[in-house]
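Notes follow once the structure below has been shown.
Each chain gets a letter, A, B and so on, in the order its sequence line appears, and its residues count up from 1. Being a predicted model, the structure only gives us computed values, none of them experimental.
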Protein chains: 2
Amino acid sequence: MSSAPNDTAPSVDQVNSDYLETLLGYNARRAALSIIDVFLRKMAEHDFRPVDFSVASLIVHNPGITSRQLCTALNILPPNLVGMVNAMEKRGLIIRRPHPNDGRAMGLHPTPEGKALMAIAEEDAYKLEIAAAPRLTAAERKTLIRLLQKIYL
Amino acid sequence: MSSAPNDTAPSVDQVNSDYLETLLGYNARRAALSIIDVFLRKMAEHDFRPVDFSVASLIVHNPGITSRQLCTALNILPPNLVGMVNAMEKRGLIIRRPHPNDGRAMGLHPTPEGKALMAIAEEDAYKLEIAAAPRLTAAERKTLIRLLQKIYL
DNA sequence: TATTGTTATACTCTATAACTATA
DNA sequence: TATAGTTATAGAGTATAACAATA
């Protein structure tokens, strides 16, 4: 029996990614990064990155929310939230007020400026998401969101 | 007109995340991180993180693939690939051979050990994905993957 | 004793600039 | 002149440990 059919190492013409594309995790990660890439560029106008945006949005929709509640809702760690909240307070988007029932905690409240900015930012977020997935119909987008929530909620 | 209805700052009982949950990017990111979390724990047994796994899988399914082709296929940057490839070569999972047509490039080839390990790892990946999304039916999983690919492919 | 918020710090992941060898 | 691969390094993003104040 001979060994290898010839002495030349094979080269790849077209990369075959079929196996990876059968994996849910691979597809979810690639799709998420694709949308986030568009998000990053647009939201830089408002000085928001994805997590900043989520934090600010939750504060607007939940006036008086605490840092601990934000961390739980967004699955982030307390030390990594401190800088974001400080930056938003410095920008005049939120204020801290003592929590009515818990002396350890501080309630986070949106300022009028914060509410106004987030109204614009949330509208931008919706528009950029449509632009980031132009081949998705409205019905497909709805189905996709429902199925994604079955994974993490 | 009076000012605020009373002097106490409101507190939040149940956090309302309804707005964020209407965003495709938010849901895609949360779902991807949820699956990746399970992936990280299981694949640590094989000393693979998500990108390592993708790189090794593409090499097995595309013997002779170059670093450049890997970077393009996986959307990663060349400097960040070097360490992964070196580590896999050191582990005996792959070998480098000169590219037949391009003296600048090196073809990456799986060793028998690399093929054997990836056969196990790919099987594990499939199983852990099912476990990471237990509420998804087979049909829903298929639909979800198809819709995710409409975003990034 | 447990929890909220915070500081300091380490580790991982990703991005940029510049170099070499070859096309 | 452009590209493949590499090195060095900088910047985000995420993680753990430990502390003060309050429950």
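We find that NE2 of A/H99 is positioned 13 Å from C1' of D/dT22, with the value rounded to whole Å. Counting to the nearest Å, the P atom of C/dT14 and the CZ atom of A/R30 are 12 Å from each other. For the pair A/L81 CG and C/dA8 C1', the interatomic distance rounds to 17 Å; values are reported in whole Å. Here the P atom of nucleotide D/dT16 and the CG atom of A/L77 are 7 Å apart, to the nearest Å. In this structure, A/L74 places its CG atom 15 Å from C1' of D/dG13, rounding to the nearest Å. Between the C1' atom of C/dT3 and the CE atom of A/M106 lies a distance of 17 Å, rounded to the nearest Å. Atom CG in B/L70 sits about 13 Å away from atom C1' in D/dA4, given to the nearest Å. Look at CG on A/N75: it is 13 Å from C1' on D/dA15, rounded to the nearest Å.
The phosphate of D/dA4 has OP1 or OP2 within less than 4.0 Å of a side-chain N or O from B/R68. Dashed line: the shortest gap from a side-chain N or O of A/R96 to OP1 or OP2 of C/dT6 is under 4.0 Å. The side chain of A/R49 places an N or O atom within less than 4.0 Å of a non-bridging phosphate oxygen (OP1 or OP2) of D/dG13.
Taking for each of B/I76 and B/G103 the nucleotide of DNA chain C with the nearest heavy atom, the 5'-most of the two is the partner of B/I76. Nearer to the 5' terminus of DNA chain D, by closest-nucleotide assignment, is the contact made by B/Q69 (compared with the other of B/L33 and B/Q69).
The side chain of B/N86 lies closest to D/dT7 when the candidates are D/dA4, D/dT7, C/dT4. Considering only the side chain of A/N80, D/dT14 comes nearest among D/dT16, D/dT14, D/dA4. Nearest nucleotide to the A/P79 side chain, out of D/dG5, C/dG5, D/dA17: D/dA17. Distances were taken from every side-chain heavy atom of A/D102 (C-beta onward) to each of C/dT7, C/dT4, D/dT6; the shortest belongs to C/dT4. Here the side chain of B/R104 is nearest to one of D/dA8, C/dA21, C/dT4, namely C/dA21.
Heavy-atom contacts from other residues, nucleotides or ligands closer than 6.0 Å to CG of B/D13 number 12 or fewer.
Of all non-hydrogen atoms in A/L81 and A/S67, the two that sit nearest each other are CD2-O, 3.5 Å. The two residues B/L23 and A/I145 come nearest to each other via the heavy atoms C-CD1, 4.3 Å.
For the pair A/R30 and A/E21, the salt-bridge criterion is not met [side-chain N within less than 4.0 Å of a carboxylate O].
Side-chain contact, B/R96 with B/N86: a donor N or O sits under 3.5 Å from an acceptor N or O.
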